[in-house]
Participant: 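Here you go, one structure.
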Amino acid sequence: MKIKFKKVSKNYGIVSALKKTNFSINDGEFLLLIGPSGAGKSTILKLILGQIKPSYGQILINGTIWGNNKKAIDQTRRKIGVIFQDYQLIPDKSIEENIALALDIVSYPKNRIQTRIDQVIEQVDLSTRRFLFPSQLSGGELQRTALARALAIEPEVILADEPTGNLDIDNSWKLIKLLKEINKSTGTTIILATHDLDLIESLNTRTISIKNGAIVKDTAKTTK
Amino acid sequence: MSTSKTTWHHIRRSPFQSLAAISTLAFSFFVFSAFYIISSGLSSTLKFFESKPEITIFLKDGLDKDTVESIQKEISSYPDLKEIRFISKEKALEIYKEQNKDNQMLTEMVTASILPASFEISALNPNILSQIAQNFSQKKDIVDEIIYQQDVVQSLITWTNNIRRFGIILVSVLATLAFFVISVIIGMKITNRKDEIKISRLLGASRFYTKKAFLLEGIIYGILGSFIGWLIASLLAYHFANDINNFFKPVTFIRFDLNYYLKILGIANLAGVTISYLASLVGVRRYIK
């Protein structure tokens with residue numbers, strides 16, 4: 001999935017969250033969006049997901065203007081796995097049921113749903129917690145559940161908004177290692193928003209730095 | 001997760017709201033089924049009287065044999081008569097005893113002397129009966145009372161129509177009430193599950209995907225509500241059938257025909273599903289934009 005931002009701005013009233021942003025993301029890239037809180041990282045992810053619309057400019061997905069066709073939005077969202085900052089898990093569904101819902105939405109073959117759930121739950125090491133509800137899980141476990149749900153649908157793109165925010169160092173590294181592996185083995189595009197400096201330094205990957213809604217550095221451009 | 005599973009999940013999570021929706025529908029369809037059964041009974045009664053153009057002339061007590069014979073002669077002089085039957089006081093007692101053979105107390109208290117003798121006249125041409133009724137109603141010295149079926153039929157038609165009209169109005173009011181109750185309950189359920197809907201949409205669920213569980217919920221309310229209402233009305237009809245049928249003898253006011261009850265269930269189910277589906281559709285359209 002190719003994503004292109006053309007002079008995209010997003011305003012919330014008088015507050016400008018994103019200012020005339022231009023960048024492209026190619027298939028299979030591992031992109032870090034970095035910057036302090038309120039810089040505009042989450043806004044970019046929300047725009048890619050179609051959760052919000054740009055105030056100005058255009059977002060192109062695979063060359064098509066994104067956000068005008070409601071049916072296309074649903075279809076594209078089914079190809080995107082999201083790890084939300086606040087997890088967005090359904091409170092009265094168990095871990096398994098939360099993952100099953102995502103699979104049902106993308107019309108995953110019914111006879112393979114349980115196997116797929118088992119696989120991703122194993123992958124994020126939540127086998128013993130599978131029947132628990134979100135309120136019974138720790139922050140780290142919630143984050144891993146959100147990751148499992150995002151992975152389950154075998155997405156073309158994974159959007160991760162501060163996925164290590166609630167994890168200890170060990171689990172943070174495990175998660176990043178897992179995302180790296182997925183990116184390498186399946187060619188899934190990963191867009192990860194973070195302000196974790198250790199993480200940024202350790203990952204030798206494309207990084208876009210944002211400050212006050214504007215891109216201040218894009219390593220893809222500086223290395224060219 | 002299948003739609004039916006999600007729907008069951010919704011019902012289980014707010015059972016009292018579901019119960020309220022089902023109860024309202026059940027009550028509406030109980031009234032519908034009850035009025036249907038009553039209305040059918042009245043139609044049978046009406047058909048019975050309509051199929052029997054008949055007049056009964058009750059005679060005054062103490063008339064001698066010659067007078068009775070002269071009355072019979074006069075009646076016989078009318079054309080197009082089918083049958084003239086003289087029911088003596090003794091015969092009337094016999095009939096009365098046969099009709100009330102299950103109630104010994106009623107039969108013991110009555111003697112032939114208190115029952116009037118009568119002529120039962122049936123005709124090929126109902127207009128003749130009208131003339132006989134007119135003629136004999138003036139002979140107050142020998143005639144005690146005339147029961148002319150046409151009057152009974154007219155009165156029955158009026159009653160049947162009024163009861164049907166009342167039934168239709170009552171069922172319409174209840175159906176409208178059920179419609180609004182279901183619509184509001186579905187709306188409340190959607191509000192309760194707003195977050196789930198929002199998350200599902202972000203995961204790529206279409207609008208219809210988020211709506212279908214609520215629509216199915218409405219349909220389930222319709223099926224259950226109409227079935228329960230029908231079942232209660234049918235069981236009550238079955239329970240009281242003997243007493244009611246005895247009262248309306250020889251008319252079978254309450255039928256014992258399974259197909260007839262299945263037909264009522266079919267109509268109730270269809271109407272129930274339509275009402276509840278439309279109500280949930282309104283609720284869904286209002287709350288899921």
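First the proteins, then the strands, lettered A, B, ... as listed; each starts at 1. Note that these values count all heavy atoms, side chains included, but never hydrogens, waters or copies made by symmetry.
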Participant: Near A/K6 NZ, under 6.0 Å, is it more than 12 heavy atoms from other residues, nucleotides or ligands?
Facilitator: no
Participant: Please tabulate, for the side chains in residues 50-58 of chain A, all donor-acceptor contacts under 3.5 angstrom to protein atoms that are two or more places apart in sequence or on a different chain.
Facilitator:
residue, atom, partner, partner atom, Å
A/S55, OG, A/N11, N, 2.8

Participant: Kindly give the heavy-atom pair with the smallest separation between B/S200 and A/I105, and that separation in Å.
Facilitator: O-CD1, 3.7 Å
Participant: Using non-hydrogen atoms only, which part of A/L49 is less than 4.5 Å away from chain B: side chain, backbone, both, or neither?
Facilitator: side chain
Participant: Could you tell me whether the side chain of A/R77 and the main chain of B/L203 form a donor-acceptor pair under 3.5 Å?
Facilitator: no
Participant: Counting C-beta onward and ignoring hydrogens, is there a side-chain heavy-atom pair between A/D74 and B/R201 closer than 4.5 Å?
Facilitator: yes
Participant: What residues of residues 160-196 of chain B make heavy-atom contacts with chain A at a cutoff under 4.5 angstrom?
Facilitator: B/R193, B/E196
Participant: Please tell me if the side chains of A/R149 and B/I199 come closer than 4.5 Å, counting only heavy atoms from C-beta onward.
Facilitator: yes
Participant: Step through the shown structure and confirm whether more than 12 heavy atoms of other residues, nucleotides or ligands are within 6.0 Å of CD on A/Q75.
Facilitator: yes
Participant: In terms of heavy-atom proximity below 4.5 Å to chain B, should A/L103 be classed as side chain, backbone, both, or neither?
Facilitator: neither
Participant: Of all of A/D92, A/I80, A/I90, A/V82, which one pairs up most often with chain B through heavy atoms under 4.5 Å apart?
Facilitator: A/D92
Participant: Above 12 or not: heavy atoms from other molecules or residues under 6.0 Å from NZ of A/K180?
Facilitator: yes
Participant: Is chain B contacted by the side chain of A/K71, its backbone, both, or neither, given a heavy-atom distance below 4.5 Å?
Facilitator: neither
Participant: In Å and rounded to the nearest 0.5 Å, what is the NZ to CG distance from B/K5 to A/D104?
Facilitator: 10.0 Å
Participant: Are B/L202 and A/F84 close enough that some pair of their side-chain heavy atoms sits under 4.5 Å apart?
Facilitator: yes
